[in-house]
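One structure is given here, and the rest of the page talks about it.
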Amino acid sequence: MLKKTAITVLMLGCLTSAATLGQTPHSLTIDPAAARDTISRHIYGQFMEHLGRGIYEGLWQKDAAGNYQFRQEVVAALKNLNIPNVRWPGGCFADYYFWKDGIGPREQRPTIVNNMWGGVTEDNSFGTHEYFQLIELLGTEPMVVGNVGSGSVHEMAEWWEYINHPGKSPMADQRRQNGREQPWNVRYWGVGNESWGCGGNMTPEFYANEYKRYATYLQNYGNIRPIRIATGPSDSNYVWTEGVMRDAGRMIDVLDMHYYTVTGDWGRWGSGTQFAEREWITSFRKALRIDTIISRHSAIMDKYDPRKRVALMIGEWGMWHDMEPGSTPGFLYQQNTLRDALIASVHFDIFHRHADRVRMANIAQMVNVLQAMVLTEGPRMLLTPTYHVFDFYKVHQGALALPLTLEAGTYQFEGTTVPALSATASRDRQGRIHIALTNIDPNLASTVNITINGVRPAGVSGRILTAAQMNAHNTFDQPDNVVPKEFTGARVSGESIRVELPAKSIVALELR
Ligand code: AHR
């Protein structure tokens with residue numbers, strides 16, 4: 001076995017150098033004069049559900065004395081990502097959650113059986129107040145999803161009042177009794193989750209009516225006006241977008257589409273770590289579909305909202321693998337390799353291209369669930385390769401998207417073809433240009449000549465994320481297998497920048 005792996009590595013090494021030697025450089029042309037759209041910082045959002053060890057244990061843990069505490073090291077790592085918002089409490093759990101069970105003295109709160117995920121009994125110690133404490137610790141913005149599937153209009157309106165009412169009101173008074181004087185001023189409010197599925201199995205027409213009833217009672221309080229998020233489609237469910245936009249579009253501010261990259265099929269997703277090149281290219285082929293899917297949903301939205309007032313949000317996205325062997329059923333705990341990292345960067349490049357319509361997105365999920373930023377095991381923690389992509393890309397938050405033309409050919413394997421490279425560029429508020437390049441090809445390095453029309457770069461610096469193996473990942477014993485390194489393969493050459501991009505890598509550049 002060892003011998004076979006070594007030979008494979010050697011062969012890949014030969015392929016890389018042979019192909020690099022004979023290759024014509026690819027070209028990336030950036031056109032700042034044509035820039036129009038700002039990249040909303042809210043596409044870098046996170047998602048945290050009552051699911052597995054995402055909240056309990058991953059973020060919220062009992063200390064030796066039996067008191068709950070936030071895990072400071074996890075919070076500190078997440079804070080570094082400049083997270084713009086955190087979506088909570090679900091996901092499917094949102095349509096199952098009764099918020100009043102999660103307020104008041106913790107020892108008096110009833111328990112809840114989380115029938116959505118693993119059937120475990122939760123003690124409701126993490127509720128509304130704890131969520132907002134975390135929001136403050138992370139310095140981020142809240143995004144709450146209300147219960148449409150099994151709750152009532154009245155109950156959702158009361159939660160909104162409890163959180164946001166600034167003056168005297170029954171719910172605001174209860175909030176004060178529970179120790180919080182000031183309202184939390186939440187703007188982003190989800191009216192249900194996946195209402196076509198776990199959120200109530202509704203038709204688009206039925207949901208549109210329900211949406212209007214629920215949304216009506218999210219009243220303005222003082223300066224606080226709700227940004228109302230409607231359940232959007234899953235994948236290519238264009239019928240959903242059509243029906244909901246047609247019947248309720250005028251009352252919607254954000255439409256929340258979900259898209260997961262599944263290498264295999266639902267139920268047999270495929271291993272997160274044990275895969276070969278067939279699975280590698282299939283993952284990219286499937287992830288890249290989101291570009292067309294966004295375009296088609298956006299075109300439907302254009303019919304009802306030509307001025308693009310309604311944002312398209314990708315409220316759940318990322319790779320969904322088989323659960324890690326030995327992990328608790330229903331907890332959706334998976335590892336995260338270099339493949340996940342490249343899939344994340346490719347998503348961001350696509351979101352940036354659709355910056356006019358895609359103005360919010362939340363990867364699923366923040367800690368210990370699906371394509372997470374952070375994994376924990378007992379007292380230990382690791383940062384995943386995906387974490388580092390969020391770190392690389394945070395410079396694009398709120399920056400001006402720079403249109404680009406990439407001529408880079410394709411990467412093929414056994415009859416499947418995908419683009420070999422992906423790229424994005426933006427200019428931040430200080431005027432600095434940032435470029436990210438992803439080499440999807442796991443075998444061939446690439447030379448890219450970058451030209452920025454009207455700009456003569458004085459210098460360039462960068463970081464790279466790559467590894468020798470496609471499935472390289474960080475473990476609790478070896479947490480630094482896949483970590484960013486300084487990138488020395490870019491240099492200014494006349495008017496352009498020449499980049500030597502290793503196979504299966506992400507490079508983030510900053511120009512001087
Ligand atoms: O992220 C896991 C689950 O996937 C969410 O609860 C649900 O909204 C989606 O189907």
Side-chain angles (χ1 to χ4, degrees), residues 45-56 58-59 85-97 112-120 122 126 131 143-151 188-202 207 229-237 240 244 254-269 272 286-287 290 293 313-324 327-336 340 343-344 347 360-375 384 386:
Q46 296 285 337
F47 171 34
M48 174 180 84
E49 180 167 12
H50 289 243
L51 197 178
R53 299 185 300 115
I55 296 176
Y56 294 102
L59 276 156
N85 69 74
V86 178
R87 181 171 179 257
W88 172 83
C92 295
F93 183 80
D95 283 289
Y96 192 69
Y97 181 57
I112 177 175
V113 178
N114 190 338
N115 278 327
M116 288 291 164
W117 303 111
V120 287
E122 295 180 8
F126 191 94
Y131 168 67
M143 180 189 293
V144 175
V145 182
N147 179 345
V148 170
S150 67
Y188 295 109
W189 194 275
V191 180
N193 168 76
E194 297 194 349
S195 308
W196 37 262
C198 65
N201 284 303
M202 303 175 196
Y207 173 71
I229 304 173
T231 289
S234 167
D235 306 358
S236 54
N237 185 351
W240 183 272
V244 171
V254 181
L255 187 71
D256 177 13
M257 156 182 156
H258 293 177
Y259 185 81
Y260 284 99
T261 299
V262 175
T263 311
D265 296 312
W266 280 101
R268 299 186 62 173
W269 298 270
K286 291 190 165 183
I290 196 173
I293 290 176
M313 161 175 163
I314 320 299
E316 292 183 24
W317 67 272
M319 297 206 79
W320 191 315
H321 305 303
D322 293 343
M323 282 179 280
E324 274 295 286
S327 62
T328 310
F331 275 22
L332 309 190
Y333 177 75
Q334 63 187 41
Q335 253 294 358
N336 192 303
D340 296 75
I343 291 278
H347 272 79
M360 305 198 78
N362 302 71
I363 192 166
Q365 298 192 8
M366 192 158 71
V367 179
N368 285 336
V369 176
L370 298 175
Q371 191 174 344
M373 309 300 107
V374 170
L375 301 179
T384 65
T386 301

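In what follows, residues are counted from 1 in the order of the sequence shown. Whatever order the structure lists them in is the order used to number ligands and atoms, beginning at 1.
For atom 4 (O) of ligand 1, the closest non-hydrogen atom of the protein is Glu316 OE1, 3.1 Å. For atom 10 (O) of ligand 1, the nearest protein heavy atom (residue, atom name, distance) is Glu194 OE1, 2.7 Å. Protein heavy atom closest to atom 1 (O) of ligand 1, with residue, atom name and distance, is Tyr260 OH, 2.7 Å.
Of the options Gln371, Gln46, Glu49, a side-chain hydrogen bond (donor to acceptor under 3.5 Å, both in side chains) to Gln365 is made by Glu49 and by none of the others. Among Tyr131, Phe331, Tyr97, the one residue that satisfies the ring-ring contact (aromatic ring centres under 6.0 Å, His included) test with His50 is Tyr97.
You'll find the side chain of Thr231 stays beyond 4.5 Å of the side chain of Met202, heavy atoms only. Side-chain contact between His347 and Ile363: absent, with no pair of heavy atoms (C-beta onward) separated by less than 4.5 Å. Within the 4.5 Å cutoff, the side chain of Ile314 has heavy atoms near those of the Ile290 side chain.
Contacts of Glu49 with ligand 1, taken as heavy-atom pairs under 4.0 Å, involve the side chain alone. No part of Trp317 comes within 4.0 Å of ligand 1, judged by heavy-atom distances. Contacts with ligand 1 closer than 4.0 Å are made by side-chain heavy atoms of Leu370 only, the backbone lying farther away. Neither the backbone nor the side chain of Tyr96 has a heavy atom within less than 4.0 Å of ligand 1.
Proximity to Phe47 (heavy-atom distance under 4.0 Å) selects the following atoms of ligand 1: 1 (O). Residue Gly91 has at least one heavy-atom neighbour below 4.0 Å for each of these atoms of ligand 1: 5 (C), 6 (O), 8 (O). The ligand atoms of ligand 1 that sit less than 4.0 angstrom from a heavy atom of Gln365 are 1 (O), 2 (C). Remark: ligand 1 atoms within the under-4.0 Å shell around heavy atoms of Asn193 are 8 (O).
Taking the six-membered ring where the residue is Trp, Phe126 and Tyr56 present perpendicular rings, their angle passing 60° and hence far from 30°. Classification of the His258-Trp196 ring pair by plane angle, with boundaries at 30° and 60°, yields perpendicular.
In this structure Tyr260 satisfies the ring-ring contact (aromatic ring centres under 6.0 Å, His included) test together with Trp320, sequence neighbours excluded. In this view, Ser327 and Met323, Glu324, Tyr333 satisfy the side-chain contact (heavy atoms from CB on, under 4.5 Å) rule, not counting sequence neighbours.
Under a 4.0 angstrom heavy-atom cut-off, Phe93 registers as lying outside contact with ligand 1.
At least one N/O-N/O distance between Cys92 and ligand 1 falls below 3.5 Å.
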